[in-house]
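Notes follow once the structure below has been shown.
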Amino acid sequence: MSSRDEILARLKQNAIKPEPRPEADFQPLTFTNPVEQFQKILQVAGANSVLLEKGEDVNEIIRKTYPEAKTIASNLPGINCATVNPDLLEDPRELNGTDVAVIRGEFGVLENGMVWIKQQTRHKALFFISEALVILLNRDNLVNNMHEAYARPGFDDYGYGCFIAGPSKTADIEQALVIGAHGARSVTVILE
Amino acid sequence: MSSHAKAAKKFIADRERTAWHDQALYFVREKRDRMAHGVPEWEALRKTASRMKKHTISNLAYYLEMFERNATANGAHVHWAKDAEEHNRIVYDIIQRHGGKHLIKSKSMLSEECGLTPYLEERGVEAVESDLGERIMQFMGTPPSHIVLPAIHVKREEVGKVFEKELHTEPGNSDPTYLTHAARKALRQNFLNADIAMTGVNFAVASSGAFVVCTNEGNADMGTSFPKVHIAIMGMEKVVPDYDALALYVRLLARSATGQPSTTYTSHYKKPVEGQEMHIVIVDNGRSDILGNPDHVNMLKCLRCGSCINTCPVYRRTGGYSYSYFIPGPIGINLGMLRSPEKYSGNVSACTLCHSCSNVCPAKIDLAEQIYKWRQQLDPLHLASSEKKFIVKGLKLVMEHPAMFYSAIKAGRLAEKMPRFVLYNSLDAWGIGRELPDFAPETFNEMWKKGEVK
Amino acid sequence: MKVGLFIPCYINAVYPQVGVASYKLLTSLGVDVDYPLNQTCCGQPMANGGFEKDATRLAEQMEDLFKRYDYVVGPSASCVVFVKEHYPTLLRKEEHACLSNRIYEICEFLHDVLKVNKLDAYFPHKVSVHNSCHGLRLLHLGSPSELVEPRRSTLKDLLSLVEGIEVFEPKRVDECCGFGGLFSIEEAATSVCMGQDKVRDHISTGAEYITGADSSCLMHMEGIIRREKLPIRTKHIVEILASQKV
């Protein structure tokens, strides 16, 4: 018998009385002013946020936010401040040293500041290896909580996806919060 | 004295460090409280999460098979390991097949449970921990003292010293930001050079075949971004039915663990990217036995958030290493006993039955109640302390005979001493930092008899 | 309404004044109080230490002593909740004299059964409330800090009826004091450390007294206070509720 079958047999042998699936009997958190809440919670997560006003150029905002940036990687149309198209790189290791990555978020979650990022570039390394991450997000795409997030139609349509809430951080040395553990040291969400 | 009591005594001898450790962990507990109080439906959320876990473990084979089917359809390779040995062998085989030499690991308690790193190192595979806390512990050559905060017992100066040696940081610089960024720089090379990536699994979504890994540092994602092989290892209890169930746990995990609304990265791995192989190892290693143990089956609900550890007033004052099992605190006391009562019964004394652990647990595991049950098992298993047994048997004899009880008090009052069954070994223990209470001139019983209670 | 007074062993031997105050308080509220003689111990120390079966005889004795009362009331949250929750298992029956709807910790009885809203009590002192673990987390005498539920406190409600009193709570409002029955002996170093921390937290409120519904916690903390000659005293809450102007 394979280990698999042995394990499954043991599970069936030791099985407990089936419990019915519970119904959630609570009203999850909701927010009355989504954009304001999202900006507030992004701040808690250590991220910046910018409301893109009509007529404003996103490239200008990126440049203004990261004036020192030399390499800006993006495959998004309209991001003409990009210096590199990451999809043209064979090896993701070549992304090491990227100053800013500009990517698109699918939706944001108001209760925790997460933005759902689906793999949209050839190498997902881009989301993590860049010193700074700029996420473009449609401000109408905000959900209240994780229940709504996972219930969005078509959510399961991804190969790799990540909820990102602010910059990489750690508190592993004496619980002192340090921004920039391995991933982006700075995250800016531009709400279009 | 139990193994925990002995080790605890040593730890507490350094009162300053004990106070520092206690405060650091209490700070995390307070952050957790603030987060919980920010979610009005918190208790209902816990209740649903607990019942959803019960539903899942009562259909464990069904959901695991569903997960396997969907993960396989997504292009992942699914393996099953009966025990730690088989788990290690499967992982090593995959590495060998790819000629891997450098494994980059994100934090996994399962790999700790299975002793994977030493197993691989004996076979010439370097396993680098990429979580900062785990990396610190790896440099120090000691195991993590906490399941979520591996280096919580280490002071910044000690980190500075070990980084000075390992990463050639500036002598005497123990600034957390400086040290963290030094580790970032050094580990970046490990990420780029690794040929095999390993992660744990926080949740495996049966309906989708995806699995979820939560980190704050981004080390799991960075680690899986370069190598051609990703091995994810999971205990069987990590499976959740679907995304609706997952929502409950994602909401609870970070709030309970570190007092954040969410972890920074909640990564969903579903299909291997082009040119990459994805392996998932599902590990039993005693979990199917827990399923068959009605008193302790709830342990399979555990999310490994560590909140029971942070709230435990005994853990906070005695540190992770005072427990003989690799997981400390209430969760560790229970899991250790499930692993081997003979080896780990020395931790069962490390509990005042304050029940705070049962209240913070996001899956509502009856942690304290289970410790109480384990204590009842010690005597039948011949693992009870003989001193404690002597005290209890003495107490029982006297308390069952009111005449003896009241004459013992009288005798004690005259001799200004407790009766022998209390004295035996225990007076010393009580007297370590406390005065013994004085007997009253008259018991309530005597006063009542004499009509003095008015 | 006939109440049987449940006096735990260490109150009988060490703190009989707590029993006297309980009697006075209940009779002053018009309750018919009796004390069934020759009580010893409820069996909690044995059970929490891992010898639950050694408490069976004691449970039978309690059952025998209290079967003729409408209510069983005791001034110790920990003992009361042990009897309430574990006797059904020990006695192997759900129906017993100390059944959950008949046994009460005294504050709980005053607050929830008698619904006392006026007391003729006077205690012109600063007190710090000791929210004991079993009182809070098992008997629900208040809301534990880690649960998300409306804040309430039976002890503080009752103390608010006392004239002249100032009520405080420690910073870590319901941190365990480290007594834990046989834990206090088996893990003495940790127990003492927790007790010292707890007493200091109470002292930092500026209170003159630590008060609570569990004499066992108070006994442990008193041991530390006396050893270190610390500037605070312990007093069971019923003694305060029964205090009057001289």
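Letters go in sequence order (proteins before strands), and every chain restarts at 1.
- Interface remark: A:Lys169 contributes backbone and side-chain atoms alike to the contact with chain B (heavy atom separation under 4.5 Å).
- For B:Arg184 (side chain) and A:Gly183 (main-chain N/O), a donor-acceptor pair under 3.5 Å exists by modelled atom type.
- Note that the CD1 atom of A:Ile16 and the CG atom of B:Leu300 stand 8.0 Å from one another [nearest 0.5 Å].
- Chain A forms the most heavy-atom pairs under 4.5 Å with one residue out of B:Asp131, B:Asp289, B:Asn293, B:Thr56, and that residue is B:Asp289.
- Contact annotation: the side chain of A:Asn112 never approaches that of B:Met35 to less than 4.5 Å [non-hydrogen atoms, C-beta and beyond].
- Heavy-atom distances place no part of A:His123 under 4.5 Å from chain B, backbone and side chain included.
- Residue pairs satisfying the salt bridge (charged side-chain N to carboxylate O under 4.0 Å, His left out) criterion with at least one member in residues 68-90 of chain A, sequence neighbours excluded, are listed as follows: A:Glu90-A:Arg122.
- Counting heavy atoms from C-beta outward, A:Arg10 and B:Arg287 have side chains that stay 4.5 Å or more apart.
- To the nearest 0.5 Å, atoms OG1 (B:Thr180) and CG (A:Asp172) are separated by 8.0 Å.
- The main-chain N or O of B:Glu217 is found under 3.5 Å from a side-chain atom of A:Ser168 such that the two form a donor-acceptor pair.
- Between A:Phe155 atom CZ and B:Leu246 atom CG the span is 7.5 Å, to the nearest 0.5 Å.
- Of the N and O atoms on the side chains of B:Asp242 and A:Tyr150, not one donor lies less than 3.5 Å from an acceptor on the other residue.
- Closest approach of A:Pro167 and B:Tyr265 over heavy atoms only: C-OH, 4.3 Å.
- The main-chain N or O of B:Ser130 is found under 3.5 Å from a side-chain atom of A:His182 such that the two form a donor-acceptor pair.
- Residue A:Phe127 does not touch chain B at all, counting heavy-atom pairs closer than 4.5 Å.
- In this structure, A:Lys12 places its NZ atom where more than 12 heavy-atom neighbours from other residues, nucleotides or ligands lie under 6.0 Å away.
- Residue A:Glu53 qualifies as enclosed at atom CD: its count of foreign heavy atoms under 6.0 Å is above 12.
- Heavy-atom contacts from other residues, nucleotides or ligands closer than 6.0 Å to NZ of B:Lys31 number more than 12.
- For the atom pair CG of B:Asp175 and CD1 of A:Ile173, the computed distance is 8.5 Å after rounding to the nearest 0.5 Å.
- A distance-only check finds a donor-acceptor pair linking the side chain of A:Asn14 to the backbone of B:Ser288 [under 3.5 Å].
- Interface residues of residues 19-47 of chain A toward chain B, defined by a heavy-atom distance below 4.5 Å and sorted by number: A:Glu19, A:Pro20, A:Arg21, A:Pro22, A:Glu23, A:Ala24, A:Asp25, A:Phe26, A:Gln27, A:Pro28, A:Leu29, A:Ile41, A:Val44.
- Using a 4.5 Å cut-off between heavy atoms, A:Glu111 touches chain B through backbone and side chain atoms alike.
- Between B:Ser225 and A:Pro92, the closest heavy-atom pair is O-CG, 3.7 Å.
- Here the NE2-CZ distance, from B:His79 to A:Arg4, works out to 13.0 Å after rounding to the nearest 0.5 Å.
- To the nearest 0.5 angstrom, B:Glu65 atom CD is 9.0 Å from A:Leu11 atom CG.
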